[in-house]
Amino acid sequence: MKIWIDITNTPHVNTLMPIIRHLEAQGHELIYTARDFSETLPLLAKHGIQPIVYGKYKGKSRVKKVIGLLQRMWMLLFKLPKFDLALSLGGNYTSAIAWLRGKKSIVFSDNDISFKFFSFAMGSYFIFPFYFKYQKIQKKYRLKDSQIRTFQGFKEDIYIADFQPDPEFLNQLPFREFITIRPENLKASYVPKDSTTIVPQLFEVFKDENILFLPRYEEEKKMAEGYDNIWYPDHPLSGLDVCYYTKAMLTGAGTFAREAALLGVPAVSFFPSEVFLTVDEVMQEMGIEFKSRNAQDIKNYVATATKTPASTERSKTVLAEVLGIIDGIIEEVGGRV
């Protein structure tokens with residue numbers, strides 16, 4: 001079967017790679033497309049994937065984002081090779097293009113904050129983490145029970161399952177012990193317009209710690225000027241290795257926090273909104289993710305939190321379940337192609 005896989009953001013690469021390897025092993029013909037955004041293309045290249053590139057990041061402006069989305073859909077609709085089934089995280093592009101071409105699509109999602117109209121209105125099959133509260137989405141878009149599959153874990157389990165820490169990872173850093181800070185994505189459309197960063201306050205309260213700083217954008221590097229305890233890399237680092245080796249993960253979003261939490265590492269999200277993804281809310285209720293926008297409260301939490309031994313056994317079970325779900329959908333679609 002010809003399966004189109006669209007990758008539009010950096011975290012998507014990690015999640016999709018175990019699925020891609022499985023589909024390749026099953027003998028499917030895969031068509032890769034990607035958006036030129038953040039570290040998406042370098043990470044794909046690292047995995048030996050050279051996608052067809054359609055579109056690039058359009059900035060925080062909602063108007064420009066909508067224009068960019070429609071432009072990219074236009075390119076995909078008329079330039080993308082023929083396919084039998086589409087698959088992606090998020091699904092805005094794959095759902096719409098597959099629907100317009102009369103094909104089926106599979107959408108992975110644990111996001112109930114970002115704009116997902118095309119995804120849910122036009123998607124065929126939806127794979128949700130068990131902890132994702134999808135019922136409101138199902139009611140709003142009138143999704144049938146037969147379209148929905150759930151798995152007993154988190155999205156991050158899919159790629160944590162195969163994780164083996166790199167014993168040479170620390171040789172890339174100027175220190176052996178450190179905390180990690182990743183800024184808020186203030187340019188993202190799902191972040192409130194009046195949001196500001198608390199990274200400068202975090203730098204101040206953690207002056208006595210080595211800090212691995214992972215800026216999203218070039219201009220954010222200026223925040224680290226004047227500190228001799230802060231270092232940032234000039235190339236993408238393995239996110240899971242960062243989570244595994246760091247003393248604590250402090251991030252303005254959710255992915256790094258969830259990865260760290262599942263690896264037994266103290267995880268803090270200082271996402272600039274009162275509204276969190278439901279999967280983050282579940283982790284916070286479980287006590288494995290701490291949320292705060294107060295730098296001193298975050299420091300106090302890190303001072304008392306402890307790491308627990310990392311284990312991937314539960315994640316391996318989750319990955320096997322997800323691959324089984326995908327195989328089942330492919331078999332169902334295959335009878336209609």
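Quantities reported herein were computed from a predicted structural model and do not represent experimental measurements. One-based numbering along the sequence shown.
At least one donor-acceptor pair under 3.5 Å links the side chain of E321 to the backbone N or O of Q152. Not a single donor-acceptor pair under 3.5 Å links the side chain of S269 to the backbone N or O of K291. Judged by distance alone, the side chain of T40 and the main-chain N or O of D36 form no donor-acceptor pair under 3.5 Å. R182 places no side-chain N or O within 3.5 Å of a backbone atom of T251 that could act as its donor or acceptor partner.
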For K247 and E209, what are the C-alpha separation, side-chain angles and deciding distance, and is it a salt bridge (charged side-chain N to carboxylate O under 4.0 Å, His left out)?
CA-CA 10 Å; K247 290 170 57 179; E209 297 273 6; 2.9 Å; yes

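By the 30° and 60° cut-offs, the orientation of the rings of F276 relative to F271 is perpendicular. Between F126 and F128, the ring-plane angle classifies as parallel under the 30° and 60° cut-offs.
For R314, the salt bridge (charged side-chain N to carboxylate O under 4.0 Å, His left out) partners at least two apart in sequence or on another chain are D157. Among residues two or more places apart in sequence or in another chain, the ring pair (Phe, Tyr, Trp, His ring centres under 6.0 Å) test is passed with F256 by none.
Checked by atom type, the side-chain pair T33/D6 shows a donor-acceptor distance below 3.5 Å.
Between T197 and L186, the shortest heavy-atom distance links the atoms N-CD1, 3.9 Å. F270 and I298 get closest at one heavy-atom pair: CB-CD1, 4.2 Å.
Residue T150 forms a side chain to side chain contact (heavy atoms under 4.5 Å, CB included) with just one option from Y131, F132, Y134, and that option is Y134. A side chain to side chain contact (heavy atoms under 4.5 Å, CB included) with K299 is found for exactly one of L202, N294, D208, namely D208.
Residues F213 and F203 bring their aromatic ring centres within 6.0 Å.
Looking at K155 and D110, a side-chain N of the basic residue comes within less than 4.0 Å of a carboxylate O on the acidic one, giving a salt bridge. Using a cutoff of 4.0 Å between basic side-chain nitrogens and carboxylate oxygens, D280 and R258 are scored as salt-bridged. A salt bridge does not link E219 to K222: none of the charged nitrogens lies less than 4.0 Å from a carboxylate oxygen. Between R149 and E332 a salt bridge is recorded (basic side-chain N to carboxylate O distance below 4.0 Å). One finds a salt bridge joining E184 and R293 here, because a Lys/Arg side-chain nitrogen approaches an Asp/Glu carboxylate oxygen to under 4.0 Å.
Taking the centre and axis of the six-membered ring of Y93, the NZ or CZ atom of R72 falls inside the cone set by 45° and 6.0 Å.
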Using residues 158-181 as the side-chain source, report each donor-acceptor pair under 3.5 Å to any protein atom, sequence neighbours left out, with the distance given to one decimal.
from : atom 1 : to   : atom 2 : distance (Å)
Y159 : OH     : E259 : OE2    : 2.4
D166 : OD1    : E168 : N      : 2.9
E168 : OE1    : N171 : ND2    : 2.5
Q172 : OE1    : H235 : NE2    : 3.3
T180 : OG1    : T246 : OG1    : 3.0

